[in-house]
Amino acid sequence: MTRHLHLVPLHKNTRFLSNFHTNQPTIITKASSFTTIPWNTHLRNLSKHGQYYEALILYRQMLQSKATPNAFTFSFALKSSISLSLPITGTQLHCHVIKLGCKYEPSVQTALISMYCKCGLTELARKVFDEMPEPSLTVCYNALISGYVQNYDFLNGFSLFCEMRLRGVEFNAVTILGFVPGCTVPECLWLGMSLHCLNVKCGLDNDLAIANCLLTMYVRCGSIELARKLFDHIPEKGLITWNAMISGYAQNGLAAEVLELYHEMESLQVNPDAVTFVGVLSACANLGNQMIGFEVEQKIKSSGMRCNVFLKNALINMYARCGNLAKARIIFDEMPEKNLVSWTAIIGGYGIHGLGNTAVELFDKMIETGIRPDGTVFVSVLSACSHAGLTKKGLDYLDLMKREFRLKPRSEHYSCVVDLLGRVGRLEEARKLIELMEVEPDGAVWGALLGACKIHKNVELAELAFNKVVELEPTNIGYYVLLSNIYTEANNSEGILRVRLMMRERKLKKDPGYSYFECKGKTHLFVAGDGSHPQTKEIYKMLNRLEHGGVNKNDQNQEPRDVMGMHSERLAIAFALLNTEIGTDIIVIKNLRICGDCHSFVKRVSKIVDRLFVVRDATRFHHFQNGTCSCNDYW
DNA sequence: GTAGGGTTAG
């Protein structure tokens, strides 16, 4: 793309003509070419209709004629250079402004401030602002405040806002809109909340744009309840309001809430757009709800909506996470233009299914295609390596990431590598790697080491990892359970007691592990020992039959046993067997890690009934078929 | 006939 457009310098009108080649729109008649107004009118029309490039060409033509640009001309021309992000053109325009004596025109100054801010040159913007004889106009403050905020200079934005208030300059809705997006880190939320109050006090709370903006602020700060409270108080919600809330829920992992809101939106006949669907698909991916995901895909197709790259990526992610890798791959292959996110989604998809080799191949292909990887795609490929046991490859990638792409590995990358080393028993190396990390290890890093200690039964190192991990994540029950299981295997009853005591002291209760299975568009949820499902009796009978060796064994009348202690994944599996046709795959989702006992159980069942079972747990997919599991290095 | 603003993917 052209980064700038040479404008004709005022002193030498012909110099740049030769190196500029575009079809020039010539609508200007000779009679009008000497006066400014017709040029300005045309310029305004072009700029209004988004024909920015054409507007700048027209401006250049204007300079070649004898018409003199004025403040209006510059306002339009600057707007075009802002929209096209052409800093050099903007700077040239600034020179023209000075030469033609328009530099004290407020509209021109405001446009200049905005232009410099859009190009990331806030210091130059500030200079224009300071040169103003009396910078008391609200619009100028607005332009510079939003400019600072957009350039992540929150402090200067804040102090300018204070200055504005101190000087008694009136602020308006646009001021708030420009400033609020700066309050998107939890530390600044208090300021955002006071803006919210100020907003209400000044009667600006009917402005939907501000409400949307505040809503996004709460979402980004992780205050999802406050966001919802605000959402419920907005009397006339716009599509953007719905989208902001839906993607807010999606980003915070609240998938059930996303679907609920989406259905509410449908019932109110609010027409969703691509942004809505991206949020909904992300929720389907999190829930493993392929049915709704498929419905959304059909809806997109039937609505004639242009399926943009964001939507395609969301579809790939949804199908991959729901276990339908073939469908995800078809969408990926059919995409004419794949971006980094598309590659990340498909690589991650293969990774979580244990197909590390394919993931690695795709990653290499991506690099060949010339797409520069970022930290996130490295997380996908490193985790694929660890799930597939590609230890050397994974270590090579960590190196590649640092040396070739100059990317600083984050804690997430190290947790993959610790997992990678830990799984193959290189525990000592994993521990040393943690010590040498350039960033502070987080809970996931120590957690990965703890998990590896479980596989390789290293109690001593497990205790070290556990002490670190509970310091960082004292309420994550999973780690207590993991250590307790390690002690169980080591017959260390004293250790088990210690863990239990610790949990009691900290008032931690074991999170009920639940599993669910999607059947005929309905999701059936099971909690361990749950007896509330309408088919409970049949489920337990089925489990009894499976436990006793054969699905064909005719022991229908036997009463269910051990009802209370039944694991949720077993209940879901039995339910699935009762309610699906022979030959279909069974995909069950478990919120925590599948337990070792159930792992062996599903293996056995897969042999008995000759079906493919896919159990997705918190960390990976486990494919069970004919008595074996393709992710069986855990147990 | 002028200037300033908000929502989307892993």
Side-chain angles (χ1 to χ4, degrees), chain A residues 36-45 47-48 70-79 82 102 105-115 117-118 125 128 137-147 149-150 171-181 184 207-217 219-220 237-248 250-251 272-282 285-286 308-318 320-321 339-349 351-352 373-380 383 412:
Chain A
T36 308
I37 294 172
W39 288 97
N40 282 358
T41 310
H42 196 49
L43 204 56
R44 187 199 56 187
N45 286 337
S47 150
K48 212 164 134 185
N70 63 12
F72 293 109
T73 322
F74 287 123
S75 304
F76 298 131
L78 279 165
K79 187 174 175 169
I82 293 167
C102 296
E105 290 286 341
S107 64
V108 176
Q109 282 176 317
T110 315
L112 280 169
I113 291 169
S114 173
M115 182 272 294
C117 288
K118 286 267 158 55
V128 176
L137 282 175
T138 304
V139 272
C140 301
Y141 275 101
N142 290 354
L144 193 54
I145 289 174
S146 79
V149 168
Q150 274 161 31
F171 68 93
N172 58 18
V174 182
T175 322
I176 308 263
L177 282 170
F179 191 46
V180 169
T184 48
D207 191 308
L208 188 58
I210 296 187
N212 293 339
C213 195
L214 286 165
L215 182 57
T216 309
M217 174 192 79
V219 164
R220 296 224 174 122
K237 303 169 186 45
L239 179 59
I240 291 175
T241 321
W242 287 94
N243 286 349
M245 197 66 234
I246 284 184
S247 37
Q251 279 159 34
D273 69 354
V275 180
T276 325
F277 289 136
V278 169
V280 175
L281 286 170
S282 146
N286 278 331
N308 66 21
V309 66
F310 283 87
L311 266 175
K312 294 261 186 207
N313 292 345
L315 282 168
I316 295 174
N317 182 45
M318 184 274 294
R321 299 268 297 273
N339 66 14
L340 179 58
V341 182
S342 331
W343 288 93
T344 310
I346 196 79
I347 292 169
I352 51 176
D374 69 352
T376 314
V377 74
F378 268 109
V379 173
S380 286
S383 117
E412 293 159 275

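Just so it is clear: chains get the letters A, B, ... in the order the sequence lines come, proteins before strands, and each one is counted from 1.
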Touch check for [X], heavy atoms < 4.0 angstrom, all strands: base, sugar-phosphate only, or nothing?
X       : value
N339(A) : base
S146(A) : sugar-phosphate
V278(A) : sugar-phosphate
T376(A) : base
N317(A) : sugar-phosphate
A209(A) : base
L340(A) : base

Let me know the distance between [atom1] of [X] and [atom2] of [N], rounded to the nearest Å.
X       : N      : atom1 : atom2 : value
L214(A) : dT7(B) : CG    : C1'   : 13 Å
F310(A) : dT7(B) : CZ    : C1'   : 12 Å
L315(A) : dT8(B) : CG    : P     : 19 Å
N243(A) : dA9(B) : CG    : C1'   : 13 Å
L137(A) : dT2(B) : CG    : P     : 16 Å
F179(A) : dG6(B) : CZ    : P     : 14 Å
F171(A) : dG5(B) : CZ    : P     : 18 Å
I82(A)  : dG4(B) : CD1   : P     : 6 Å

From the options [options], select the nucleotide whose nearest atom is closest to the side chain of [X].
X       : options                 : value
S75(A)  : dT7(B), dG4(B), dT2(B)  : dT2(B)
A143(A) : dT7(B), dG4(B), dG10(B) : dG4(B)
T216(A) : dG4(B), dG6(B), dT7(B)  : dT7(B)
S107(A) : dA9(B), dA3(B), dG4(B)  : dA3(B)
S247(A) : dG5(B), dT2(B), dT8(B)  : dT8(B)
D374(A) : dG10(B), dG4(B), dA9(B) : dG10(B)
I240(A) : dG10(B), dA3(B), dG6(B) : dG6(B)

Is there a side-chain contact between [X] and the phosphate of [N], meaning an N or O under 4.0 Å from OP1 or OP2?
X       : N       : answer
R220(A) : dT7(B)  : yes
K118(A) : dG5(B)  : yes
S282(A) : dG10(B) : yes
Q251(A) : dT7(B)  : no

* Any donor-acceptor pair under 3.5 Å from D273(A) side chain to T276(A) backbone -> yes
* Side chain S282(A), main chain V278(A), donor-acceptor under 3.5 Å -> no
* **Results of side-chain hydrogen bond (donor to acceptor under 3.5 Å, both in side chains) for N308(A) - residues two or more places apart only** => none
What's the spacing between [X] [atom1] and [Y] [atom2] if we round to 0.5 Å?
X       : Y       : atom1 : atom2 : value
F72(A)  : S107(A) : CZ    : OG    : 7.0 Å
D207(A) : I176(A) : CG    : CD1   : 9.5 Å
L311(A) : I316(A) : CG    : CD1   : 11.0 Å

* Asked: If you measure from the ring centre of F76(A) to the centre of the six-membered ring in the base of dT2(B), is it under 5.5 Å, with the planes under 30° apart?
  -> no
* Residues in side chain to side chain contact (heavy atoms under 4.5 Å, CB included) contact with T175(A), at least two apart in sequence or another chain -> T138(A), N142(A), I145(A), F161(A), M164(A), F171(A), N172(A)
* Is there a donor and acceptor pair, one atom on the side chain of N172(A) and one on the base of dG5(B), closer than 3.5 Å? -> no
